[in-house]
Amino acid sequence: MAVSSHAKAKSHARHSSKDLTRRAARRSMLAGFAVVLFLVSGVGIAWYDLQSQVNTIDINKFLDDEHARQVTDSYEGKPVNILILGTDSRAGANNVDGSEGSEEVAVARSDTAMVLHLPADRSRIEIISIPRDLLVDIPSCKTADGGSTEAMSYTPFNAAFANGAGSRADNTAVAAGVACTIATVQDLTGLYMDEYLVVDFNGLTTTVDALGGVNLYVDEDINDTEYTGLVMSKGCQHLDGPTALQYARVRHGVGDGSDLQRMPRQQNLVAAMLRTAKSKNYLTNADALYSFALAALKSLTTSEGIGNLTTLAGLVMSIGNVGADNMTLITMPNEEAPWDRNRAIPTDESDDVWAAIKADTPISEALQDAAAQEDADSTSSAPDSQDDTDEPQEQPTQSDSDDSATDNQSGTSNNKTPTATATTQDPAAQCR
């Protein structure tokens with residue numbers, strides 16, 4: 001324990017001489033200062049060790065004035081939007097399938113994008129996935145090699161990262177790719193992205209292993225022996241790092257093989273990771289927090305704001321008490337593009353989602369209001385049950401009737417992806 005410079009040493013006997021008292025006080029003070037120096041040095045070294053693990057990159061040189069970053073010292077009492085990007089480069093430690101030699105997969109590419117919103121009062125966590133095949137407008141972007149790209153319309157969202165990164169996979173390419181993606185997201189949503197976080201294959205594997213693995217609920221059998229090699233039965237499963245990566249990547253051997261159906265699995269994994277991190281009591285167990293941070297941070301690339309451990313720790317602590325019932329994970333509302341079944345376009349509900357975030361109000365309420373309004377509009381536009389016309393009404397065929405029933409049960413049209421309904425139920429909650 002440190003001893004204040006104003007504290008007096010406690011004499012061991014009333015008759016001790018002044019010299020003995022002074023020497024005892026001096027020894028006590030020196031011992032106290034030694035303990036303080038040891039603790040401060042230890043904490044300082046550990047903090048520097050952790051800070052040095054974070055790969056922060058400045059992307060401002062790739063952004064114009066409209067999209068430029070503003071580093072904030074503190075987010076206390078302010079809403080925060082963080083863009084989380086997953087890249088599928090196979091370069092170096094990310095060569096999970098032996099395809100590093102292929103030019104197509106060795107460069108930096110964006111495979112997953114999520115907007116994480118933390119409200120000013122930190123009462124909830126909201127995560128919105130943006131489909132990589134969503135057709136969007138991509139602005140002109142500066143490239144890693146010093147050039148620039150032309151603005152694009154109706155282009156798949158993940159092309160934004162590729163436009164900036166070009167054919168490279170180094171930090172400069174990542175910075176340019178992130179910058180172009182942020183500019184695209186801000187134009188798409190009307191929201192300012194305060195921070196960003198880039199996770200590659202190795203980063204996800206390392207982070208899950210640092211958590212000691214995660215428990216989650218798999219809602220259908222998976223049998224993908226050809227691509228990811230993942231074979232998994234429906235039910236509660238414990239995933240280590242490599243298996244979690246397979247689960248996040250898998251598209252074949254489950255569902256319809258689309259990227260849209262993969263996103264709920266990725267959201268399921270994120271929810272499981274959040275639950276596990278909270279259950280480990282990292283906010284109260286300094287040793288556990290240090291071990292986890294040391295293992296995980298070195299595999300991530302971040303903006304300068306959350307790359308600063310003080311800012312990052314403050315954000316983490318501010319949401320430490322948010323329960324699973326206050327976590328909302330959805331896919332940005334979208335529907336199949338009429339001219340290309342492999343592409344998606346935003347629906348009106350997506351505007352409601354981004355407007356709610358901009359207003360810092362719950363997106364679940366916005367979607368409920370939108371659904372209620374849609375039902376009201378549908379009811380008001382429906383024909384009267386008593387038709388005054390004498391003309392016979394056309395009856396649907398059996399197949400038409402079956403299709404109609406299916407549509408009514410799902411509440412969606414044939415080409416609309418049922419991703420708009422926000423849920424606060426964490427699928428991983430079924431497993432402990």
Side-chain angles (χ1 to χ4, degrees), residues 54-75 78-87 89 107-118 128-200 300-308 311 332 345-346 350-351 353-355 357-360:
V54 184
N55 180 28
T56 60
I57 53 177
D58 183 5
I59 65 174
N60 271 330
K61 64 181 179 181
F62 294 106
L63 290 169
D64 55 27
D65 293 339
E66 181 183 357
H67 301 101
R69 319 306 303 134
Q70 301 169 10
V71 177
T72 306
D73 293 332
S74 173
Y75 287 112
K78 302 176 182 177
V80 183
N81 296 318
I82 302 174
L83 180 63
I84 303 174
L85 298 176
T87 62
S89 168
V107 297
R109 293 289 183 266
S110 174
D111 192 52
T112 302
M114 298 179 180
V115 174
L116 167 63
H117 175 70
L118 303 178
I128 304 91
S129 294
I130 301 177
R132 67 177 187 176
D133 294 325
L134 186 77
L135 297 178
V136 299
D137 293 336
I138 299 177
S140 173
C141 295
K142 297 179 181 179
T143 62
D145 59 8
S148 62
T149 62
E150 297 290 335
M152 299 178 173
S153 298
Y154 288 98
T155 304
F157 173 78
N158 66 340
F161 196 100
N163 281 3
S167 59
R168 296 161 52 177
D170 55 17
N171 275 354
T172 301
V174 172
V178 170
C180 192
T181 304
I182 283 180
T184 302
V185 170
Q186 291 184 168
D187 288 352
L188 171 68
T189 66
L191 301 171
Y192 179 79
M193 294 294 112
D194 300 283
E195 305 286 351
Y196 65 83
L197 175 67
V198 182
V199 185
D200 57 22
L300 305 177
T301 299
T302 74
S303 51
E304 293 177 294
I306 57 174
N308 181 293
T311 302
M332 175 183 168
I345 55 176
S350 65
D351 293 334
V353 168
W354 305 129
I357 292 180
K358 193 169 187 177
D360 204 24

For this session: Nearest 0.5 Å please: distance from the CD atom of Glu195 over to the CD1 atom of Ile84.
Result: 11.5 Å
Exercise. So do the side chains of Pro156 and Leu135 get within less than 4.5 Å of each other, counting heavy atoms only?
Worked result: yes
Exercise. Rounded to the nearest 0.5 Å, what separation is found between the CG atom of Leu191 and the CD1 atom of Ile182?
Worked result: 12.5 Å
Exercise. Can you tell if the side chain of Val199 reaches within under 4.5 Å of the side chain of Leu85, non-hydrogen atoms only?
Worked result: no
Problem set entry | Set of residues satisfying side chain to side chain contact (heavy atoms under 4.5 Å, CB included) with respect to Ser129, sequence neighbours excluded | Met114, Met263, Gln267, Thr331
Exercise. So do the side chains of Thr301 and Leu197 get within less than 4.5 Å of each other, counting heavy atoms only?
Worked result: no
For this session: Please collect all ring pair (Phe, Tyr, Trp, His ring centres under 6.0 Å) contacts where either partner lies in residues 132-151, sequence neighbours excluded, each pair once.
Result: none
For this session: Determine whether Asn81 and Tyr192 make a side-chain contact, defined as any pair of heavy atoms from C-beta on separated by less than 4.5 Å.
Result: no
For this session: Flag the pair Thr302 / Val198 as yes when at least one side-chain heavy-atom distance between them is below 4.5 Å, and no otherwise.
Result: no
Exercise. So which heavy atom on Pro131 is nearest to which on Met332, and how close?
Worked result: CD-CB, 4.2 Å
For this session: Applying side chain to side chain contact (heavy atoms under 4.5 Å, CB included), name anything that partners Thr155, two or more places apart in sequence or on another chain.
Result: Ile138, Met152, Ala159
For this session: State, to 0.1 Å, how close Ile59 and Ala175 come at their nearest heavy-atom pair, and which atoms those are.
Result: CG2-O, 3.5 Å
Problem set entry | Asp194 side chain vs Val80 backbone, donor-acceptor pair below 3.5 Å | no
Exercise. Among all residues two or more places apart in sequence or in another chain, which pass the side chain to side chain contact (heavy atoms under 4.5 Å, CB included) test with Thr172?
Worked result: Phe62, Ala144, Arg168, Asp170
Problem set entry | Under 3.5 Å donor-acceptor, Ser350 side chain and Pro346 backbone | no
Seminar exercise, completed: Smallest heavy-atom separation, Ala183 atom then Pro139 atom, equals CB-CG, 3.9 Å
Seminar exercise, completed: So CD1 of Ile128 and CG of Leu116: to nearest 0.5 Å the spacing works out to 8.0 Å
Exercise. Looking at CZ of Phe157 and CD1 of Ile130, how far apart are the two atoms once the value is rounded to the nearest 0.5 Å?
Worked result: 4.5 Å
For this session: For residues Ile345 and Leu134, report the shortest heavy-atom separation together with the two atoms involved.
Result: C-CD1, 3.7 Å
For this session: Only counting residues at least two apart or in another chain, list the ones meeting salt bridge (Lys or Arg N to Asp or Glu O under 4.0 Å) with Asp137.
Result: none
Seminar exercise, completed: Rounded to the nearest 0.5 angstrom, the CH2-NE2 distance for Trp354 and His117 is 11.0 Å
Exercise. For Thr143, what residues pass the side chain to side chain contact (heavy atoms under 4.5 Å, CB included) criterion, not counting sequence neighbours?
Worked result: Asp145, Thr149
Problem set entry | CG on Asn171 to CG on Asp58, rounded to 0.5 Å | 11.5 Å
